[in-house]
Q: 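One structure, pasted below without further comment.
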Amino acid sequence: MIPANPAPLAIALLGLLLGMRHATDPDHVIAVTTILSRERRLAVAARIGVVWGLGHTITVLMVGAAIIVFKIAIPARLGLAMEFAVAVVLILLGISAAASLVRKGANRMRGTSPQADDLIVHAHAHTHDGAMHVHPHVHASRHDVTHQDHRMPPDALPSFAARRPLLRSFAVGLVHGLAGSAAIALLVLSAIPNPLWATLYLAIFCVGTVIGMGLITTAIATPFMVVSRRASWIHQGLVTGSGLLSFGFGLFLAYHIGIVDHLFSTAPIWIPQ
């Protein structure tokens, strides 16, 4: 059955598709690839993309809805500064990848570099004064665990390190959403003058972005997972390459925004896009 007015459905579908397309922007893909490149679990890699999309959604909806509903004008310097923040984030992600590589190399030279995937959380139950309790500890290798009946799964003790990629992805998504919110909102407002429909379209657009980034991270992570199991040196090269790409692209954006678009001069040039 065809609805009497298919326009809202068409607008919703367009918003969903454009949101998925927005997830493929180079700065988005490079940032998320750098974060997930060291992850060896496909499910976690997919969550990294979804969490990035959620962070992106928060700032896009907050800033975008304010622009649409209250007709807030973003000054050129502020708009460029928000985009410059993306360049800084990309540079920091690249530096983080390089620092991790140097740290691993130094640990390996000292002979103190157990692989994270080989760490096993282990516990032995015993009693003190009639009270039964356990002392969890870590084995550096799966082969070191001799008491399998006492073995605890790594997820039994949640750690900040396990959540770090997700937190980093969420923070990066916030920054990217802040940088793109003005351009997206102005584009939506020019096409849909009604604030209510424009805000609804923006929400659907954000849903599409979350879905798109989840699919992209899954697709990107798959070869990383395969290579990490079969050729660790190739995987390390991919991790290093993604970090260098993030650093280089961040420098390019910083130069273009700061120098070409005159962020740091008296007459900044900002064209939301």
Q: Starting at CD1 of I184, measure out to CG of L187 and round the result to the nearest 0.5 Å.
A: 8.5 Å
Q: Would you say the side-chain atoms of T199 pair up with the backbone N or O of P195, donor to acceptor, closer than 3.5 Å?
A: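 Checked: pair present.
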Q: Looking at CG of L244 and OG1 of T240, how far apart are the two atoms once the value is rounded to the nearest 0.5 Å?
A: 6.5 Å
Q: Looking at F264, I want to see if its CZ is surrounded by more than 12 non-hydrogen atoms of other residues, nucleotides or ligands under 6.0 Å.
A: yes
Q: I'd like a table of donor-acceptor pairs (distance under 3.5 Å, sequence neighbours excluded) in which one partner is a side-chain atom from residues 72-99, with atom names and distances.
A:
from : atom 1 : to   : atom 2 : distance (Å)
R77  : NH1    : L263 : O      : 2.5
R77  : NH1    : S265 : O      : 3.0
R77  : NH2    : S265 : O      : 2.8
E83  : OE2    : W270 : NE1    : 3.0

Q: Can you pull the side chain to side chain donor-acceptor pair (under 3.5 Å) pairs that have at least one residue in residues 9-32, sequence neighbours excluded?
A: R21-T24, R21-D25, H22-D25, H22-H56
Q: On a heavy-atom basis, which atom in G49 and which in T217 lie closest, and how many Å separate them?
A: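 Taking every non-hydrogen atom into account, CA-CG2, 3.3 Å.
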Q: Can you give the donor-acceptor pairs under 3.5 Å from side chains of residues 61-68 to other protein atoms, not counting sequence neighbours?
A:
none

Q: Ignoring hydrogens and angles, tell me if any N or O in the side chain of T59 forms a donor-acceptor pair with the backbone of L174 under 3.5 Å.
A: yes
Q: What side-chain donor-acceptor pairs closer than 3.5 Å can you find for residues 203-213, not counting sequence neighbours?
A:
from : atom 1 : to   : atom 2 : distance (Å)
T209 : OG1    : G19  : O      : 3.1
T209 : OG1    : F205 : O      : 3.0

Q: Nearest 0.5 Å, what's the CD1-CZ distance between I257 and F252?
A: 9.5 Å
Q: For T34 and F247, run side chain to side chain contact (heavy atoms under 4.5 Å, CB included): C-alpha distance rounded to whole Å, both residues' side-chain angles, the deciding distance at 0.1 Å, then the answer.
A: CA-CA 10 Å; T34 306; F247 183 78; over 6 Å; no
Q: Tell me every residue that passes side chain to side chain donor-acceptor pair (under 3.5 Å) with S242, counting only those two or more places apart in sequence or in another chain.
A: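 If we apply the side chain to side chain donor-acceptor pair (under 3.5 Å) test to S242, skipping adjacent residues, the hits are S37.
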Q: Can you tell me how far apart CG (L238) and CD1 (I220) are? Round to the nearest 0.5 Å.
A: 11.5 Å
Q: Look up atom CG in D261 and atom OH in Y255, then write down how far apart they are to the nearest 0.5 Å.
A: 10.5 Å
Q: Please report the closest heavy-atom contact between P165 and I48, naming both atoms and the distance.
A: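 Here P165 and I48 meet closest at CB-CD1, 3.9 Å.
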Q: Tell me which pairs pass side chain to side chain donor-acceptor pair (under 3.5 Å) where either residue lies in residues 176-187, with sequence neighbours left out.
A: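 Passing the test, one end in residues 176-187: no pairs.
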Q: Identify the two heavy atoms, one from F249 and one from P26, that lie closest to each other, and give their separation to 0.1 Å.
A: CZ-CB, 4.1 Å
Q: Identify whether V239 and L245 are in the same connected component of the hydrophobic contact network (ILVMFWY, side-chain heavy atoms under 4.5 Å).
A: no
